[in-house]
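The chains referred to below are lettered A, B, ... by the order of the sequence lines, with proteins before strands, and numbering in each begins at 1. What's counted below: heavy atoms across the whole structure, side chains too, no hydrogens, waters or symmetry copies.
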There are 2 protein chains.
Amino acid sequence: MSDFELEQFLPYLLNQAAEASSLEFQQVYKDRYGMLRNEWRVLFHLGMYGQLTASEISFRAGLHKTKISRAVSKLEARRFLSRDRDVEDRRVEHLKLTANGRSAYIDLCAVAQRYDAALLEGFSTEDALTLKALLRTLAQRRR
Amino acid sequence: MSDFELEQFLPYLLNQAAEASSLEFQQVYKDRYGMLRNEWRVLFHLGMYGQLTASEISFRAGLHKTKISRAVSKLEARRFLSRDRDVEDRRVEHLKLTANGRSAYIDLCAVAQRYDAALLEGFSTEDALTLKALLRTLAQRRR
DNA sequence: GCTTGTTAGTTACAAAATCAACTATTACAC
DNA sequence: GTGTAATAGTTGATTTTGTAACTAACAAGC
């Protein structure tokens, strides 16, 4: 194919952009709290929505249950969250952040907000909104 | 932080969108040619630019040299590319696609073009252009 | 009650990514 | 030339992920 442009191919572009714009933030949660990507995501979901079960996080974040399971173990080991078995259904665990976890969440939220603003610097407000709306649409078609 | 929205956080959004929109295409190059993401990328760079060295691919694609090295080995083992040692500088290898590799490239290009169009279906031409331009800007801030 | 099916979450093993150390070759200083 | 540094690319050890099989608990039919 003569007229194909890799740099115009959406999945490629998205990957490049995602990787580039995750790098610095990743550095922060890794260096500051020893977290991995999935751990950060679980922490944020609990921080935003309060108490959740692993399945609920899995559904909301679009993460496979094994990823959740491992992320939860790590976060628990580092005292960022606590588990509570459901009394009605003893298969279910309710997860919530410890004080420690909450303070990490609050700290990282602030970092994230500043970081987000920095990434969008140079874009017009309208472009920024369009970008995020389109990305949300693309992300929705899932699994 | 009360007003933080994970779904508005650019790195998160980009990752979700990237993952969602890579899935189906990944399935194609995996099922049809047994390729991994890095192998597909190397194949496309060689398909688009002709003969390149590993370092050149590394620079253009923003991939670490170990990823290139392993992708090249796999592609060579499956007869998708051939290596040629440089006569002037015997550290350097010139890589290029075999007929086999080229035909895989041409096939995947066509798939990619159709897939790209399908992803953008429902977006206005203007939105599509804006999206790609912004993504390119974000991707540029790199490494 | 007992069997069958389903759901929540974990674990085991293989595949893949990472990071650092390595070899081979060239370049440059003296 | 000889020693030192730089570059191209590979390999190995460790971590992380992915897939599938697993355990434990519940639910529904009979």
Side-chain angles (χ1 to χ4, degrees), chain A residues 15-16 18-19 22-23 26-27 29-31 33-42 45-46 51-78 81-96 142-143, chain B residues 15-16 18-20 22-24 26-27 29-31 33-43 45-46 51-78 81-96 143:
Chain A
N15 263 300
Q16 299 284 106
E19 219 165 285
S22 299
L23 262 177
Q26 179 176 24
Q27 216 49 48
Y29 60 72
K30 190 181 159 197
D31 290 354
Y33 300 102
M35 284 185 205
L36 259 30
R37 194 162 51 110
N38 292 332
E39 295 162 33
W40 162 75
R41 286 182 176 179
V42 168
H45 277 271
L46 290 173
Q51 177 171 293
L52 293 173
T53 68
S55 298
E56 285 164 348
I57 299 176
S58 173
F59 177 73
R60 286 170 190 264
L63 288 174
H64 195 267
K65 58 183 181 172
T66 60
K67 287 186 183 175
I68 308 282
S69 175
R70 292 199 254 245
V72 167
S73 296
K74 287 262 182 72
L75 288 171
E76 189 195 25
R78 289 186 184 130
L81 63 76
S82 63
R83 310 158 104 129
D84 261 309
R85 231 171 238 293
D86 186 295
V87 202
E88 311 271 296
D89 185 342
R90 307 193 337 93
R91 290 169 304 182
V92 175
E93 274 183 348
H94 298 284
L95 308 168
K96 63 167 189 276
R142 267 209 283 136
R143 267 153 282 275
Chain B
N15 263 298
Q16 299 283 104
E19 217 165 288
S22 298
L23 262 177
E24 275 184 68
Q26 177 177 25
Q27 216 49 50
Y29 60 71
K30 190 180 158 196
D31 290 353
Y33 299 104
M35 285 185 202
L36 260 30
R37 194 162 51 109
N38 292 333
E39 294 161 35
W40 163 73
R41 287 183 176 177
V42 167
L43 183 94
H45 278 271
L46 290 173
Q51 178 170 291
L52 293 172
T53 68
S55 299
E56 285 164 348
I57 299 177
S58 173
F59 177 74
R60 285 170 190 263
L63 288 175
H64 194 266
K65 59 183 181 171
T66 61
K67 288 184 183 177
I68 308 281
S69 174
R70 286 178 163 126
V72 167
S73 295
K74 285 263 182 72
L75 288 171
E76 190 195 25
R78 290 188 183 126
L81 62 75
S82 62
R83 310 159 103 128
D84 261 309
R85 233 173 238 292
D86 187 295
V87 202
E88 310 272 294
D89 185 343
R90 309 196 333 98
R91 291 169 302 182
V92 175
E93 272 183 350
H94 299 284
L95 308 167
K96 63 167 189 276
R143 267 152 282 275

> A/Leu52 CG to C/dA8 P: how many Å, rounded?
Replying inline: 14 Å
>> Base, sugar-phosphate or nothing for A/Glu56? Non-hydrogen atoms, less than 4.0 Å.
In response: nothing
>> Closest-nucleotide mapping onto DNA chain C: is A/Thr66 or B/Arg37 further toward the 5' terminus? I mean the 5' end.
In response: A/Thr66
>> If you only use heavy atoms from C-beta on, which nucleotide in D/dT11, C/dC19, D/dT19 is closest to the side chain of B/Lys30?
In response: D/dT19
> Atom NZ of B/Lys67 to atom P of C/dA20: distance rounded to whole Å?
Replying inline: 14 Å
> Does a side-chain heavy-atom distance below 4.5 Å link B/Leu36 with B/Lys74?
Replying inline: yes
>> In whole Å, I'd like the distance from the CG atom of B/Asp84 to the C1' atom of D/dA8.
In response: 16 Å
>> side chain to side chain contact (heavy atoms under 4.5 Å, CB included) for B/Ile57 and B/Leu46? Distances and angles first, verdict last.
In response: CA-CA 8 Å; B/Ile57 299 177; B/Leu46 290 173; 4.0 Å; yes
>> From the set D/dC26, C/dG9, D/dT19, return the single nucleotide nearest to any side-chain atom of A/Arg90.
In response: D/dC26
>> Reading DNA chain C from 5' onward, which residue's closest nucleotide shows up sooner: B/Lys74 or A/His64?
In response: A/His64
>> For D/dG12, does the base pair up with any side-chain atom of B/Arg70 as donor and acceptor (N or O, under 3.5 Å, distance only)?
In response: yes
> Just wondering, do B/Leu63 and B/His45 contact through their side chains at under 4.5 Å, heavy atoms?
Replying inline: no
>> Over all strands shown, is B/Arg85 touching base, sugar-phosphate only, or nothing at heavy-atom distances under 4.0 angstrom?
In response: nothing
> Tell me: CD1 of A/Ile68 to C1' of C/dT11, nearest whole Å?
Replying inline: 16 Å
>> I'd like to know whether B/His94 forms a side chain to side chain contact (heavy atoms under 4.5 Å, CB included) with B/Thr53, so could you lay out the CA-CA distance, the side-chain angles of the two residues, the decisive distance to 0.1 Å, and finally the verdict.
In response: CA-CA 5 Å; B/His94 299 284; B/Thr53 68; 3.8 Å; yes
> What is the distance from CG of A/Asp86 to P of D/dA24, rounded to the nearest Å?
Replying inline: 19 Å
>> Without decimals, in angstroms, what is the distance between B/Leu63 CG and D/dA8 P?
In response: 16 Å
> Less than 3.5 Å between a donor and an acceptor, one on the side chain of A/Arg91 and one on the base of C/dT7, is that the case here?
Replying inline: yes
> Is any side-chain heavy atom of B/Asn15 less than 4.5 Å from a side-chain heavy atom of A/Arg37?
Replying inline: yes
> With respect to the side chain of B/Asn38, which nucleotide from C/dA17, C/dT18, C/dA8 is positioned closest?
Replying inline: C/dA17
>> If the cut-off is 4.0 Å, is A/Ser69 near the phosphate of C/dT10, judged by side-chain N/O to OP1 or OP2?
In response: yes
>> Using whole Å, what does the distance between atom C1' of nucleotide C/dC19 and atom NZ of B/Lys65 come to?
In response: 11 Å
>> Can you work out whether A/Leu36 or A/Asp89 has the more 5'-proximal nearest nucleotide on DNA chain D?
In response: A/Leu36
>> If I take atom CH2 in residue A/Trp40 and atom P in nucleotide D/dT16, what distance separates them, rounded to the nearest angstrom?
In response: 17 Å
> At under 4.0 Å between heavy atoms, what does B/Glu88 touch on the DNA or RNA strands: base, sugar-phosphate, or nothing?
Replying inline: sugar-phosphate
>> Could you check whether any side-chain heavy atom of B/Lys67 comes within less than 4.5 Å of a side-chain heavy atom of B/Arg41, counting everything from C-beta outward?
In response: no
>> Using OP1 and OP2 only, check whether a side-chain N or O of A/Thr53 sits under 4.0 Å from C/dA8.
In response: no
